[in-house]
Protein chains: 2
Amino acid sequence: MATTKEFRSKYWHPAVTVDCVIFGFDGANLNILLIQRGLEPYIGRWAFPGGFIKEKETAEEGARRELKEETGVENVFMEQLRAFSGVDRDPRERVITIAFYALVKLSDYNVIGGDDASKAQWFRIHEIPELAFDHDSILSVAMSHLKQKIQFEPIGFELLSDKFTMTQLQTLYESILEIRFDRRNFYKKMLSLDLLIPLEDKVPNTSHRAARYFSFNREKYLELKEKGFRLEF
Amino acid sequence: MATTKEFRSKYWHPAVTVDCVIFGFDGANLNILLIQRGLEPYIGRWAFPGGFIKEKETAEEGARRELKEETGVENVFMEQLRAFSGVDRDPRERVITIAFYALVKLSDYNVIGGDDASKAQWFRIHEIPELAFDHDSILSVAMSHLKQKIQFEPIGFELLSDKFTMTQLQTLYESILEIRFDRRNFYKKMLSLDLLIPLEDKVPNTSHRAARYFSFNREKYLELKEKGFRLEF
DNA sequence: ACAAAAGTGTTTGGAATACACCCATGC
DNA sequence: GCATGGGTGTATTCCAAACACTTTTGT
């Protein structure tokens with residue numbers, strides 16, 4: 001198009017990145033996957049995986065690409081939080097970032113955590129180090145978004161293995177919402193939603209009564225959602 | 001900084017705009033403020049007020065600036081929805097937009113609506129014309145966001161005058177949530193929240209019993225929110 | 001048999017719903 | 001006095017919270 005070049009020079013074009021807050025659950029605590037920066041600015045500081053968006057990809061595609069490149073994580077639940085556009089959030093030049101959050105089954109990716117081959121590492125949510133850029137404010141938005149969201153959509157299952165015990169599920173909800181539930185009432189409420197499939201097998205090698213595994217009935221949930229059903233936890 | 005130029009050329013820099021979905025309430029229906037495009041592309045089509053972001057302003061500042069320039073609306077409740085980054089959403093070149101929504105007291109701005117001096121016009125939510133770009137998908141995100149939000153935060157008051165009747169408030173909630181409430185139960189629930197201040201004066205010149213005005217107790221709400229109180233409507 | 005966590009039922013209080021009557025005002 | 005919408009009270013239903021005992025398993 002003839003006007004394209006003219007148009008490009010007429011308006012300011014900022015740098016745009018994507019960043020991804022990755023939540024994982026280790027059975028007891030909510031964790032965040034961070035990578036240690038190897039370049040200036042903020043060299044050595046921990047930050048969310050992310051990078052510059054490319055011309056032929058949407059923001060979400062970019063976030064998934066960066067996530068895979070930097071941490072090996074792929075095929076996960078991911079949603080946009082929002083854009084962060086503070087004028088001085090990057091010391092090099094002005095950079096606008098589009099932030100996402102992802103929920104991963106930590107057990108699938110435990111190779112990444114803690115080893116020295118990669119600069120990626122899981123951190124418990126209450127032990128997050130000082131972060132680069134404005135990533136702590138992104139984190140706080142991500143946390144409150146997750147808290148909100150889990151009360152109306154069953155996204156918690158994205159953080160658990162395909163089969164899980166009721167206690168694991170409860171601990172997950174308690175970690176995210178930072179409140180405690182009565183075990184018996186939690187059971188009832190969860191089962192009454194009728195979205196859990198009780199499995200035959202149980203947790204092996206326990207020194208007490210073995211807990212039954214459940215799996216999440218995704219098909220049924222989608223079906224109910226279709227009918228305008230509103231989950232409330 | 002020496003590296004800035006090098007850095008700028010290394011990564012692709014997209015055009016970035018801000019767009020604003022402006023909600024107003026006329027006493028019976030939820031309305032959206034649109035402007036008619038005077039330029040290609042989509043010349044003649046209706047679109048949200050918006051424009052290119054400037055180098056020294058945040059996205060929200062840009063959205064407020066454009067809003068004021070194009071419609072005269074200022075000092076309103078505004079929040080970011082999210083970024084829209086579809087690769088082909090603008091035919092000229094790739095443009096990423098950061099979408100906001102705003103809630104305005106329509107009575108303050110009725111000058112704008114319907115006259116021919118301006119290209120801005122209010123449209124009832126169920127009579128929205130075909131929109132430019134991907135603005136209908138932005139609208140649908142805005143609508144569902146508003147529905148969600150109003151159930152947990154008293155943002156409805158941003159759409160009403162400082163004083164309003166209970167029936168007006170109910171009609172507003174019904175318009176947004178697209179459900180009907182029992183008048184008596186709505187009264188009780190609203191009053192039980194203890195966030196409404198009953199005023200002395202009443203609606204004049206009615207052909208029936210005059211309705212009392214209320215005002216929203218913003219201070220009290222902020223105070224309660226501070227204490228971790230969770231509104232549920 | 002005992003420790004430790006799983007699994008289950010009942011009671012109770014409070015909130016949401018459903019529902020009906022009187023009040024004020026203009027015509 | 002009547003039509004119109006405003007303002008209030010009560011009974012019922014349902015859901016959430018509080019709470020205790022039995023079961024399974026390994027040691």
Side-chain angles (χ1 to χ4, degrees), chain A residues 26-29 150-152 154 160-161 163-175 177-215 224 228-233, chain B residues 26-29 150-152 154 156 160-161 163-175 177-216 224 228-233:
Chain A
D26 63 12
N29 292 284
I150 202 175
Q151 295 185 65
F152 301 100
L160 295 170
S161 318
K163 62 182 190 184
F164 48 85
T165 66
M166 196 59 91
T167 304
Q168 286 168 352
L169 186 60
Q170 182 179 344
T171 308
L172 172 61
Y173 271 79
E174 290 179 339
S175 304
L177 296 173
E178 298 180 288
I179 51 175
R180 313 275 300 166
F181 294 100
D182 178 89
R183 192 167 49 89
R184 296 156 290 185
N185 292 335
F186 187 88
Y187 255 72
K188 253 180 303 178
K189 202 163 172 182
M190 270 297 166
L191 290 178
S192 73
L193 296 175
D194 211 23
L195 292 172
L196 294 185
I197 303 169
L199 303 178
E200 288 310 308
D201 61 338
K202 307 192 172 176
V203 178
N205 309 321
T206 56
S207 74
H208 50 77
R209 182 170 179 173
R212 142 165 290 161
Y213 282 121
F214 293 89
S215 70
L224 287 174
F229 155 87
R230 180 164 167 258
L231 174 69
E232 166 104 34
F233 194 84
Chain B
D26 63 13
N29 293 284
I150 202 174
Q151 293 183 66
F152 301 101
L160 294 171
S161 318
K163 60 182 189 182
F164 48 85
T165 68
M166 196 59 91
T167 304
Q168 287 169 352
L169 186 60
Q170 182 179 345
T171 309
L172 172 61
Y173 272 79
E174 290 179 340
S175 304
L177 297 173
E178 297 180 288
I179 51 176
R180 314 275 299 166
F181 296 100
D182 178 87
R183 191 168 50 89
R184 297 157 288 188
N185 293 334
F186 186 88
Y187 254 72
K188 251 181 305 178
K189 201 163 170 180
M190 269 299 166
L191 290 178
S192 74
L193 295 176
D194 209 23
L195 292 172
L196 295 184
I197 302 170
L199 302 179
E200 288 311 309
D201 60 338
K202 307 193 170 174
V203 178
N205 309 322
T206 56
S207 73
H208 49 78
R209 181 171 179 175
R212 141 166 291 161
Y213 282 121
F214 293 88
S215 70
F216 174 56
L224 288 173
F229 156 86
R230 179 164 167 258
L231 175 68
E232 166 105 35
F233 194 84

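Naming: A, B, ... by sequence-line order, numbering from 1 per chain.
- In this structure, OG1 on A:T167 lies 9.5 Å from CD on A:E174, to the nearest 0.5 angstrom.
- Checking A:F214 against B:N185, the closest nucleotide of DNA chain C that is more toward the 5' end is the one next to A:F214.
- Atoms OH (B:Y213) and P (D:dG7) sit 11 Å apart, rounded to a whole Å.
- Note that the CZ atom of B:F233 and the CG atom of B:L193 stand 7.0 Å from one another [nearest 0.5 Å].
- Across the interface with DNA chain D, nearest-nucleotide mapping of A:T206 and B:R212 shows B:R212 to be the residue nearer the 5′ end.
- Rounding to whole angstrom units, CZ of residue B:R209 and C1' of D:dG6 are separated by 5 Å.
- Atom CZ in A:F181 sits about 12 Å away from atom C1' in D:dA16, given to the nearest Å.
- Using a 4.0 Å cutoff to heavy atoms of chain B, the contacted part of DNA chain C runs 5' to 3' from C:dT17 to C:dG26.
- DNA chain D is contacted by both A:K189 and A:A210; A:K189 maps to the nucleotide lying nearer its 5′ end (nearest heavy atom per residue).
- Here B:D182 lies in heavy-atom contact (under 4.0 Å) with a base.
- Residue-level contact check: B:R184 touches the bases, meaning some heavy atom is under 4.0 Å from a base atom.
- Closest approach of A:A210 and A:V203 over heavy atoms only: CB-O, 3.3 Å.
- Between B:T167 and the phosphate of D:dG6, there is a side-chain N or O to OP1/OP2 separation shorter than 4.0 Å.
- Following rounding to the nearest Å, B:Y187 (OH) and D:dG6 (P) show an atom-to-atom distance of 7 Å.
- Put simply, CD on B:Q168 is 13 Å from C1' on D:dG6, counting in whole angstrom units.
- Between the P atom of D:dA18 and the NZ atom of A:K188 lies a distance of 11 Å, rounded to the nearest Å.
- Distance, B:M166 CE to D:dT8 P: 9 Å, rounded to whole Å.
- Atom C1' of nucleotide D:dG9 and atom CZ of B:R183 are separated by 13 Å, given to the nearest angstrom.
- The two atoms that bring B:R212 and B:L199 nearest to each other are NE-O, 3.1 Å, heavy atoms only.
- The aromatic rings of A:F186 and A:Y173 lie perpendicular to each other, with more than 60° between the two planes, well past the 30° mark.
- Taking 4.5 Å as the limit, every side-chain heavy atom of A:Q170 sits out of range of all side-chain heavy atoms of A:Y187.
- Residue B:N29 comes nearest to B:S175 through the heavy atom pair CA-OG, 4.4 Å, listed as atom of the first residue, atom of the second, then distance.
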